[in-house]
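Lettering of chains follows the sequences in order, A, B, ..., and the numbering in each one begins at 1.
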There are 2 protein chains.
Amino acid sequence: MKMNEGVEWAMHSCVNLSWLPGEAVTAKRLAAFYDLPTAYLNKQLQALTRAGILSSTSGPKGGFQLARDPRNITLLDILTAIDGADDAFRCTQILKAGPGADPKADYREVCLVSQAMRAAELNYRRELAGQTIADIVTRVEAQSPAAPENTRTWFANLKS
Amino acid sequence: MKMNEGVEWAMHSCVNLSWLPGEAVTAKRLAAFYDLPTAYLNKQLQALTRAGILSSTSGPKGGFQLARDPRNITLLDILTAIDGADDAFRCTQILKAGPGADPKADYREVCLVSQAMRAAELNYRRELAGQTIADIVTRVEAQSPAAPENTRTWFANLKS
DNA sequence: TGGTTCTGGATATTAGATGTCCTGAATAGC
DNA sequence: GCTATTCAGGACATCTAATATCCAGAACCA
Ligand code: SF4
Ligand code: SF4
């Protein structure tokens, strides 16, 4: 049960972008911040854009920025944009291969193992849906008040 | 974010074994029930055995059976036995590659993104820890009272 | 003793995650 | 218009982990 690494990159990139409002930041600069492979991070940023979390502009002076208020971007939004909406527990409906199976039944609904696992996972997603980028940012600033300014100057001083 | 398929096999096998108490069931028979690859299912059963969930006996008349009361086997027990105890969200501590990093800090504790993700996952595991095989069995029997007897006769009639 | 079954390591196969590259379209500045 | 920059996205290459098979050894029963 492993999650795409890009989820973590995406969350941190969103936090950083929240400290650079209205400014288009290129994928190269975002990647440089954590020393990530540019082209690959770019793919994750594209996914965030398709999901309406970021907005992008081409050309010189182009780049990515948050498409909406950080209070309106949940951790679940980012997770599903990068990692998809599929459940970790895959009900392969093996009961259909078993004896006494009813081919017409949807065992995802009927089977109680499936129900238990899906309920737990639904809860997990609900919890992530209750956490926004703004919440994270607020807590980061409470913990290290210099973080926003440090990030801004770091991006300002980055050349090339 | 995908979970090992064996988790599902293991859970269903435990349910079936709870209807065959005191009886050693071979991996081949358990696999036949859902038409699963015998050797591979056997590996999952071995893992359950190492985790103390099943007990195994070699030789003719050998096989697997539940090692303890189904009320004392949680879904989390099975998940960790098959899929390991690692979190889905892997904190690769990318902050260490970032500016202003403190190499001595454990960012899994400090970082608030990591905290949020791990808290949600902890909740997920706690929920699974609150569900036992006995709970599932009880609900299955309430839904289809014939299930235990059907399973028993199926295993009894299975030849080879 | 012989046949059955679990144990665990070695190995093969496949799918998916990770990473790179290249072409094309959009855009800003000249 | 021309050029340089950047995103968009498809095509690939690589690497890792899940899935699956096989076999030699140990345990066990009759
Ligand atoms: S979890 Fe339930 S529905 Fe899914 S395959 Fe297993 S028995 Fe069928
Ligand atoms: S989640 Fe937090 S601790 Fe983990 S790598 Fe990202 S910043 Fe570091």
Regarding the side chain of B:Pro37, the nearest nucleotide among D:dT21, C:dG19, D:dA8 is D:dT21
Quick note, B:Ala39 side chain, CB onward, closest among D:dC29, D:dC22, C:dA26 is D:dC22
Are any of B:Arg90's side-chain N or O atoms less than 4.0 Å away from OP1 or OP2 of C:dT18?
yes
Which of D:dA17, D:dG9, C:dG8 is nearest the side chain of B:Gln46? It is C:dG8
With the side chain defined as heavy atoms from C-beta on, A:Tyr40 is closest, among C:dC6, C:dA28, C:dT18, to C:dT18
From CG of A:Asp86 across to C1' of C:dA15 the rounded distance in Å is 15 Å
Between CG of A:Leu45 and C1' of D:dG9 the distance, given in whole Å, is 14 Å
Would you tell me if any nitrogen or oxygen in the side chain of A:Arg50 comes within less than 4.0 Å of OP1 or OP2 on D:dG9? yes
Taken to the nearest whole Å, CG/B:Leu30 to C1'/C:dC6 is 13 Å
- Under 4.0 Å between any heavy atoms, over every strand shown, what does B:Gly63 touch: base, sugar-phosphate, or nothing? Just pick one. sugar-phosphate
Picking from C:dT5, C:dC6, D:dT6, the nucleotide nearest the side-chain atoms of B:Phe64 would be C:dC6
Short side-chain N/O contact from A:Ser56 to OP1 or OP2 of D:dA8, under 4.0 Å: yes
Separation of D:dA18 atom C1' from B:Leu36 atom CG, nearest Å, is 15 Å
Regarding the side chain of B:Asn4, the nearest nucleotide among D:dT6, C:dG16, D:dT19 is D:dT19
Mind checking whether A:Phe33 and A:Phe155 have parallel, tilted or perpendicular rings, split at 30° and 60°?
-> parallel
Result for 5'-nearest mapping on DNA chain C, choosing between B:Ser58 and A:Lys2, is B:Ser58
Note to self: Just so I know, are the side chains of A:Leu45 and A:Leu30 near enough to count as touching, which here means a heavy-atom distance under 4.5 Å?
What the structure shows: yes
Rounded to whole Å, NZ of A:Lys61 lies from C1' of C:dG29 at a distance of 10 Å
Quick note, A:Pro60 side chain, CB onward, closest among D:dA4, D:dT6, C:dC21 is D:dA4
| query | Base, sugar-phosphate, or nothing: which does B:Ala24 touch, judged by heavy atoms less than 4.0 Å apart? | reply | nothing
Out of C:dG8, D:dA30, C:dT18, minimum distance to the side chain of B:Lys43 belongs to C:dG8
From CG of A:Leu48 across to P of D:dA8 the rounded distance in Å is 11 Å
Does this structure show an ion pair linking A:Glu121 with A:Arg118, if we count only N-O contacts that are shorter than 4.0 Å? no
Practice task
Flag the pair B:Leu122 / A:Tyr124 as yes when at least one side-chain heavy-atom distance between them is below 4.5 Å, and no otherwise.
Solution key: no
Self-check item: Check: A:Thr132 side chain, A:Ala134 main-chain N or O, donor-acceptor pair, under 3.5 Å
Solution: yes
query: With a 4.0 Å cut-off on heavy atoms, is B:Asn42 in touch with a base, just the backbone sugar-phosphate, or nothing at all?
result: base
Taken to the nearest whole Å, CD/B:Glu5 to P/C:dT13 is 20 Å
Between NZ of B:Lys28 and C1' of C:dT4 the distance, given in whole Å, is 9 Å
message = One thing to verify: whether B:Asp83 and B:Lys2 come together as a salt bridge, which I'm taking to mean a side-chain N less than 4.0 angstrom from a carboxylate O.
response = no
Taking for A:Met3 and for A:Gly62 the nucleotide of DNA chain C with the nearest heavy atom, the one nearer the 5' end belongs to A:Met3
